[in-house]
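Notes follow once the structure below has been shown.
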Amino acid sequence: MKFGIYYSYWEQEWSADCLKYVEKVARLGFDVIEIAVHHLNSYSPAHLAEVGRAAKANGVAITAGLGPSPERNLSSPDPAIRKAGRAFFEETLANLAKLDIRIIGGALHSYWPIDYSKPVDKAGDRARGLEGISSLADFAANLGVDLCLEVLNRFENHVLNTAEEGVAFVREVGKPNVKVMLDTFHMNIEEDSFGAAIRAAGPLLGHFHTGENNRRVPGKGRLPWHEIGTTLREIGYDGAVVMEPFVKMGGGIGSDIKVWRDLSDNADDAQMDEAARQSLAFSRYVLG
């Protein structure tokens, strides 16, 4: 397994420049940096190239995370929005390929975070999302990119809430580069068993996020990490394990993730770095 961290751990805005975190992540001992790609299309070609060079120079792979906006929703009942979503994905995937990014995960089949002040149509959204991902899969495959569909808790999405639902969706798509993505924070809310959920995903598991029940770094909560690690090894998972902690209030990230109190114990940057380093050592021990 390769171990990584989402750079938004240190940030308050999704649009923060990932470049300044590449060397930091490598210095802390991670193999992977995950970046939010909402804003990647605004990078100049020169800046994209600079990010790619920094990753190679530091021996760090890049993975991508995405929660599409409502205006780029492949499952929208509005054909114009679905068309805009497809155009956005094509541009984004082309830019991912320039950075040698092989994995993009998130609510790719829908949008995030869901606005539950409006009625939701699970069956209709699922059918339209299935059509959108099925149509997009070959385009992504030609660029060497896997689409990993994240199973999210009920408060953030309604289409895929359990590993079983994720597996059924991916099997219906039936494309080798369309896979399931699991996240321990969401699993803690929705699954009866961590082990059973990971086994259900089995060979379809393409990306794995970790975070505690309280969204702190792994090891600072109460999740059954030995069970999780044992099952990942049992199914032979050899992909990326990316921690996605959110511990700071404020900004777009704090608002979207609903961080209403400081979960870092008022840590400064050096203390945040040390917490990440310790969690990486813990994660390699219990999961690797």
Side-chain angles (χ1 to χ4, degrees), residues 6 8 14 36-38 64-86 88-89 92 104-137 147-175 178-194 196-198 200-201 204-211 213-215 223 244 246 252-260:
Y6 210 139
S8 52
W14 301 110
V37 296
H38 304 72
L66 175 64
S69 69
E71 297 77 24
R72 297 160 173 169
N73 175 14
L74 293 179
S75 67
S76 172
D78 185 337
I81 291 178
R82 295 200 301 274
K83 183 178 179 180
R86 174 61 184 243
F88 166 76
F89 269 101
T92 302
I104 180 171
L108 312 180
H109 54 288
S110 182
Y111 77 97
W112 181 92
I114 290 290
D115 180 2
Y116 281 130
S117 69
K118 302 173 183 177
V120 296
D121 172 15
K122 178 163 180 163
D125 289 346
R126 185 187 188 281
R128 289 183 291 269
L130 186 67
E131 180 181 359
I133 292 296
S134 298
S135 173
L136 188 64
L147 306 176
C148 296
L149 309 183
E150 187 171 12
V151 176
L152 297 169
N153 74 74
R154 68 193 72 185
F155 306 109
E156 297 183 35
N157 201 272
H158 59 290
V159 180
L160 306 178
N161 296 135
T162 66
E164 183 179 4
E165 289 181 323
V167 166
F169 190 102
V170 166
R171 283 179 174 160
E172 284 187 57
V173 173
K175 302 284 187 175
V178 178
K179 300 179 181 180
V180 175
M181 173 179 170
L182 296 179
D183 181 305
T184 58
F185 173 79
H186 301 295
M187 295 166 72
N188 182 58
I189 295 173
E190 297 294 343
E191 303 289 356
D192 295 331
S193 160
F194 284 88
I198 294 168
L204 295 179
L205 183 61
H207 199 44
F208 197 76
H209 268 191
T210 59
N213 55 289
N214 49 26
R215 304 221 84 152
L223 294 192
E244 190 188 29
F246 297 102
I253 293 177
S255 176
D256 286 344
I257 300 296
K258 308 298 186 289
V259 183
W260 306 125

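Starting from 1, each residue takes its place in the sequence as its number.
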Next item on the list: Quick one: list whatever passes ring-ring contact (aromatic ring centres under 6.0 Å, His included) with Phe194, sequence neighbours left out.
Entry: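 Expected list: none.
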Item checked: Partners passing ring-ring contact (aromatic ring centres under 6.0 Å, His included) against His186 (at least two apart in sequence or in another chain) ->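 So His186 forms no ring-ring contact (aromatic ring centres under 6.0 Å, His included) with any residue.
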Note to self: Over 60° means perpendicular and under 30° means parallel, so tell me whether Phe246 and Tyr6 are parallel, tilted or perpendicular.
What the structure shows: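 Tilted: the ring planes of Phe246 and Tyr6 meet at 30° to 60°.
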Search all heavy atoms of [X] against all heavy atoms of [Y] and return the closest pair with its distance.
{"X": "Val151", "Y": "Gly166", "answer": "CG2-CA, 4.1 Å"}
{"X": "Ala201", "Y": "Val180", "answer": "CB-CG1, 4.5 Å"}
{"X": "Ser110", "Y": "Ser75", "answer": "CA-OG, 3.7 Å"}

Between [Y] and [X], is there a side-chain heavy-atom distance shorter than 4.5 Å?
{"X": "Ser76", "Y": "Tyr111", "value": "no"}
{"X": "Leu66", "Y": "His38", "value": "yes"}
{"X": "Phe208", "Y": "Thr184", "value": "yes"}
{"X": "His207", "Y": "Lys179", "value": "no"}
{"X": "Ile104", "Y": "Leu147", "value": "yes"}
{"X": "Leu152", "Y": "Leu160", "value": "no"}
{"X": "Leu108", "Y": "Leu74", "value": "no"}
{"X": "Phe185", "Y": "Asn153", "value": "yes"}

Any residue meeting salt bridge (charged side-chain N to carboxylate O under 4.0 Å, His left out) with [X], in chain and number order, not counting sequence neighbours:
{"X": "Lys175", "result": "Asp138"}
{"X": "Arg154", "result": "Glu190"}
{"X": "Glu156", "result": "Arg215"}

Checklist line | Partner set under side-chain hydrogen bond (donor to acceptor under 3.5 Å, both in side chains) for Asp125, not counting sequence neighbours | finding: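 Only Arg128, His158 meet the side-chain hydrogen bond (donor to acceptor under 3.5 Å, both in side chains) criterion with Asp125.
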Note to self: Using the rule given for side chain to side chain contact (heavy atoms under 4.5 Å, CB included), can you reason through Asp256 versus Trp112, listing the C-alpha separation, both sets of side-chain angles and the distance that settles it, and then say yes or no?
What the structure shows: CA-CA 9 Å; Asp256 286 344; Trp112 181 92; 3.7 Å; yes
Item checked: Glu165 and its salt bridge (charged side-chain N to carboxylate O under 4.0 Å, His left out) partner, picked from Arg126, Arg171, Lys122 ->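 Testing Glu165 for a salt bridge (charged side-chain N to carboxylate O under 4.0 Å, His left out) against Arg126, Arg171, Lys122 leaves exactly one candidate, Lys122.
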Check: With a 3.5 Å cut-off and no angle check, do the side chains of Glu71 and Ser69 form a donor-acceptor pair?
Finding: yes
Notebook entry, point to check: Can you tell me if CG on Asp115 sees more than 12 non-hydrogen neighbours from other groups inside 6.0 Å?
Noted result: yes
